[in-house]
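To start, the structure itself, in structure tokens.
In this chain, numbering begins with 1 at the start of the sequence shown. None of the values given here were measured: they were computed from a predicted structure.
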Amino acid sequence: MKAPTRIAVIDDHPLFREGVIRSLSEMEGFEIVAEGGSKDEALHIAEHIRPDVMLMDISMPGNGLQAVAGAVEAWPPIKIVMLTVSEANEDIAGALKLGAKGYVLKGIGSRELADVVRTVASGEPYLAPSLSARLLAGMAKERENAAKQDLMAELTDREQEVLNLVASGLSNKRVAQLLDLHEKTVKHHMTRILSKLKVSNRTEAALALRDATESRTGGAA
């Protein structure tokens, strides 16, 4: 007879933790071997109790992501499933990079959670479909912004000056006055800028500059 999957539940909300433990305890094939509510408790459980699967929240004392890295280091065979409310791409990507094998949201039903635990315990990773689509979309956006930054880097210093002024809403004539250039020279710069950025008009060029700037500064205004 196959041994039950040994599970630890780490969450700093006792009521939620108790609900998860009760739900999984009622299902065949699972054995709850430990519970905790902080990073330190997670690391102690990983090192000394060595569960097969650890369900863990991201938001808890000591930082859930750091707990993932520490638990995997303490007991490499452990399979961690993040059970959290965070849908942030950086949390999803961070948890998976640090060694988590699964990532699901707290709205999940008990039977579906049990299926996720079985999947991860068998050696297969699991990421909720909605989160997978969002993560892929985020990665695609990051690649797009990186490409825009690469194109922006091809602009000369003078072209950067012209684009910054144009993006602020100034006309070619006003840009020429501010930079002490002929208006025809500004038009020539704009033609080269549009070509280098692979856009068709000044509005698209201004948007490309905004996207590249936001990506470089992490979205700060």
Minimum heavy-atom separation for [X] and [Y], please, with both atom names.
{"X": "Leu194", "Y": "Ala205", "value": "CD2-CB, 3.9 Å"}
{"X": "Pro4", "Y": "Glu31", "value": "CG-OE1, 3.8 Å"}
{"X": "Ala8", "Y": "Ile45", "value": "CB-CG2, 3.8 Å"}
{"X": "Thr5", "Y": "Ala121", "value": "CG2-CB, 4.0 Å"}
{"X": "Thr119", "Y": "Pro125", "value": "CG2-O, 4.2 Å"}

Starting at [atom1] of [X], measure out to [atom2] of [Y] and round the result to the nearest 0.5 Å.
{"X": "Ser110", "Y": "Glu26", "atom1": "OG", "atom2": "CD", "value": "8.0 Å"}
{"X": "Thr185", "Y": "Met190", "atom1": "OG1", "atom2": "CE", "value": "14.0 Å"}
{"X": "Asp11", "Y": "Ser38", "atom1": "CG", "atom2": "OG", "value": "11.0 Å"}
{"X": "Ile193", "Y": "Glu154", "atom1": "CD1", "atom2": "CD", "value": "12.5 Å"}
{"X": "Asp115", "Y": "Met27", "atom1": "CG", "atom2": "CE", "value": "8.0 Å"}

Can you list everything that forms a side-chain contact (heavy atoms from CB on, under 4.5 Å) with Leu65? Sequence neighbours excluded, please.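 Here the qualifying residues are Ile58, Asn63, Asp91, Ala95, Leu98.
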Does any part of the side chain of [Y], heavy atoms only, come nearer than 4.5 Å to the side chain of [X], both counted from C-beta?
{"X": "Leu113", "Y": "Val20", "value": "yes"}
{"X": "His13", "Y": "Met60", "value": "no"}
{"X": "Arg6", "Y": "Val53", "value": "no"}
{"X": "Leu178", "Y": "Leu170", "value": "yes"}
{"X": "Pro61", "Y": "Asp12", "value": "yes"}
{"X": "Arg174", "Y": "Leu165", "value": "no"}
{"X": "Ile7", "Y": "Val117", "value": "yes"}
{"X": "Met56", "Y": "Val68", "value": "yes"}

Could you give me the CA-CA distance, side-chain angles and deciding distance for Leu131 and Leu105, then say whether side-chain contact (heavy atoms from CB on, under 4.5 Å) is met? CA-CA 9 Å; Leu131 298 180; Leu105 299 178; 4.0 Å; yes
Flag yes if more than 12 heavy atoms outside Asn201 fall under 6.0 Å of its CG atom; otherwise flag no.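 Check passes, neighbour count above 12.
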Take atom NE2 in His182; do more than 12 heavy atoms of anything else shown fall under 6.0 Å from it?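 No, because the 6.0 Å sphere around NE2 of His182 holds 12 heavy atoms or fewer from other groups.
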Step-by-step side-chain contact (heavy atoms from CB on, under 4.5 Å) determination, Ile108 to Val116: CA-CA 10 Å; Ile108 191 172; Val116 171; 4.0 Å; yes
Within the side chain of [X], is there an N or O that forms a donor-acceptor pair under 3.5 Å with the backbone of [Y]?
{"X": "Glu41", "Y": "Gly37", "value": "yes"}
{"X": "Ser25", "Y": "Ile21", "value": "yes"}
{"X": "Glu124", "Y": "Val120", "value": "no"}

Check salt bridge (charged side-chain N to carboxylate O under 4.0 Å, His left out) between [X] and all other residues, then give those that pass, not counting sequence neighbours.
{"X": "Lys173", "value": "none"}
{"X": "Glu183", "value": "none"}
{"X": "Arg192", "value": "Glu159"}
{"X": "Arg17", "value": "Glu35"}

Identify whether Leu181 and Val166 are in the same connected component of the hydrophobic contact network (ILVMFWY, side-chain heavy atoms under 4.5 Å).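 Looking at the clustering, Val166 is in the same group as Leu181.
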Hydrophobic clusters here meaning ILVMFWY residues chained together by side-chain heavy-atom distances under 4.5 Å, can you tell me if Leu155 and Val186 are in one?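 Shared cluster, yes.
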Go through the steps for Asp52 and Val33 under the test side-chain contact (heavy atoms from CB on, under 4.5 Å), then give the verdict. CA-CA 10 Å; Asp52 300 315; Val33 296; over 6 Å; no
Aromatic Phe16 / basic Lys106 pairing, under 6.0 angstrom, 45° off normal: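 So Lys106 does make the cation-pi contact.
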Please report, to 0.1 Å, the donor-acceptor pairs under 3.5 Å made by any side chain of residues 70-84, with sequence neighbours excluded.
unit_1, atom_1, unit_2, atom_2, d
Trp75, NE1, Pro51, O, 3.4
Thr84, OG1, Asp57, OD1, 2.9
Thr84, OG1, Ser86, N, 3.2

Pair Leu55, Ile10 - check side-chain contact (heavy atoms from CB on, under 4.5 Å), show working. CA-CA 6 Å; Leu55 300 176; Ile10 313 297; over 6 Å; no
